[in-house]
Participant: 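Below is one structure. I have some questions about it.
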Amino acid sequence: MDDQTRMMTGLTGLGGLQQADVDPDSVRKQQSLGQPQQDIGDILQQIMAITDESLDEAQARKHALNCHRMKPALFSVLCEIKEKTVLSIRGVQEEDPPDPQIMRLDNMLLAEGVSGPEKGGGSAAAAAAAAAAGGSPTDSSIEHSDYRAKLAQIRQIYHSELEKYEQACSEFTNHVMNLLREQSRTRPISPKEIERMVAIIHRKFSSIQMQLKQSTCEAVMILRSRFLDARRKRRNFNKQATEVLNEYFYSHLSNPYPSEEAKEELAKKCGITVSQVSNWFGNKRIRYKKNIGKFQEEANLYAVKTAVDAANVSAQASQANSPATPNSGGYPAPCYTPDGRL
DNA sequence: TTTGATGATTCCTG
DNA sequence: CAGGAATCATCAAA
């Protein structure tokens, strides 16, 4: 991992025992605390000399230093100095508020049902999408399951990736903490410093997580737009619905403009939306007007059908009035002979 | 694969 | 904003 190496170098830089950490002030401070200057000077000399030695020698000296009676006191002073200089500068912008971007992504993933409880928002979103797409209940249920399957796929990828990231994050954090603990035996590292380092690592990983969330959101958006684009998945209305619409159209040929109430009624009867009814009538009017001859047969069929229906109704009600096709003006009515020809 | 049918969308007009 | 007209995209039969 590239970040890992970068972080590791940052680590040694941050906590490393450098010249700046061992400035003369700290030495003077030690003096003022009443400890022998010679002792401190010796220790510092030894520490600085370690870098010039071979590994074995360094290990031996490290051990010797670890056992030195002055070590705890010196470490605590050095920690204090570090705390007051290097870390206080770095720590200014460390109290980060929750990132609004990541919150937005989280909310979206939750709303789309990618994150959060297993079968919650996802099906709701799919249902909404299916409703918007229209079509018969059977069709929408097919699309519904299709949508859900795809969403579940995205969800699975998202969670497995997230898990991988979290695992990597905790592994790396552990690794760094162990390293720091190990190093804290030879150089002054306060618990606060370790805490900060962990926070830095977590921030790094959360920025990676944000990328994951972002691309997941994009995938969901693409899926939704595909799903909602009705033109891609046009389904013909079922036979019964077309019949109901045609019946209305031809029996109102003089004025084939259903009112809002009539549209709602038709929509309910056909199991489609009001806007689909509007579309259908828009298409039907224009296509009928463009080529009346082509629709002649259909017109005759429905004219006869409605006439028969009306006759039945009136016969049952014993009322011999109200003609079935009130054609007057508006769209040209078909003229037909009893055998169905013009 | 081709082609007509058809539902949806877009743009324009009154 | 509803409706007309043109067009698109898909379905389904040949």
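Residue numbering restarts at 1 for every chain, and letters A, B, ... go by the order of the sequence lines. What's counted below: heavy atoms across the whole structure, side chains too, no hydrogens, waters or symmetry copies.
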Participant: Does Arg285(A) make a side-chain N or O approach to OP1 or OP2 of dG4(C) shorter than 4.0 Å?
Facilitator: yes
Participant: Any luck finding a side-chain donor-acceptor pair between Tyr302(A) and Glu243(A) under 3.5 Å?
Facilitator: no
Participant: So, does Lys289(A) get its side chain near the phosphate of dA5(C), meaning an N or O under 4.0 Å from OP1 or OP2?
Facilitator: yes
Participant: Nearest to the side chain of Phe237(A) - dG3(C), dG4(C), dA8(B)?
Facilitator: dA8(B)
Participant: Has Lys290(A) got a side-chain N or O lying under 4.0 Å from the OP1 or OP2 atom of dA6(C)?
Facilitator: yes
Participant: Who passes salt bridge (charged side-chain N to carboxylate O under 4.0 Å, His left out) against Lys164(A), sequence neighbours left out?
Facilitator: Glu161(A)
Participant: Output the single nucleotide from dA5(B), dA6(C), dG4(C) whose closest atom is nearest the side chain of Lys294(A).
Facilitator: dA5(B)
Participant: For Phe281(A) and dA5(C), give me the distance from atom CZ to atom P, rounded to whole Å.
Facilitator: 17 Å
Participant: What integer distance in Å separates Trp280(A):CH2 from dT9(B):P?
Facilitator: 18 Å
Participant: If you go through the side-chain atoms of Arg287(A), does one of them form a donor-acceptor pair with the base of dG7(B) closer than 3.5 Å?
Facilitator: yes
Participant: Over how many whole Å does the gap from Glu243(A) atom CD to dT6(B) atom P extend?
Facilitator: 13 Å
Participant: How many whole angstroms separate atom CG of Asn246(A) from atom C1' of dT6(B)?
Facilitator: 12 Å
Participant: Please determine, for the side chain of Ile286(A), which listed nucleotide (dG4(C), dG3(C), dG7(B)) has the closest atom?
Facilitator: dG4(C)
Participant: In whole angstrom, what separates Arg235(A)'s CZ from dA5(B)'s C1'?
Facilitator: 16 Å
Participant: In whole Å, what is the span from the CD atom of Glu260(A) to the P atom of dC1(C)?
Facilitator: 12 Å
Participant: Are OP1 or OP2 of dG7(B) and a side-chain N or O of Asn279(A) less than 4.0 angstrom apart?
Facilitator: no
Participant: Taking only side-chain nitrogens and oxygens of Lys284(A), does any of them come within less than 4.0 Å of OP1 or OP2 of dA5(C)?
Facilitator: no
Participant: Is a donor-acceptor contact shorter than 3.5 angstrom present between the side chain of Asn283(A) and the base of dA8(B)?
Facilitator: yes
Participant: Send over the distance from Tyr257(A) OH to dG3(C) P, rounded to a whole Å.
Facilitator: 8 Å
Participant: Using a distance-only test with no angle check, is there a side-chain donor-acceptor pair under 3.5 angstrom linking Asn107(A) and Arg104(A)?
Facilitator: no
Participant: Do Ser115(A) and Asp106(A) have side-chain heavy atoms sitting under 4.5 Å apart?
Facilitator: no
Participant: Looking at residues at least two apart in the chain, or sitting in another chain, which of them share a ring-ring contact (aromatic ring centres under 6.0 Å, His included) with Phe295(A)?
Facilitator: Tyr288(A)
Participant: Considering only side-chain heavy atoms of Gln276(A), which listed nucleotide, dA5(C), dA8(B), dA12(C), is closest?
Facilitator: dA8(B)
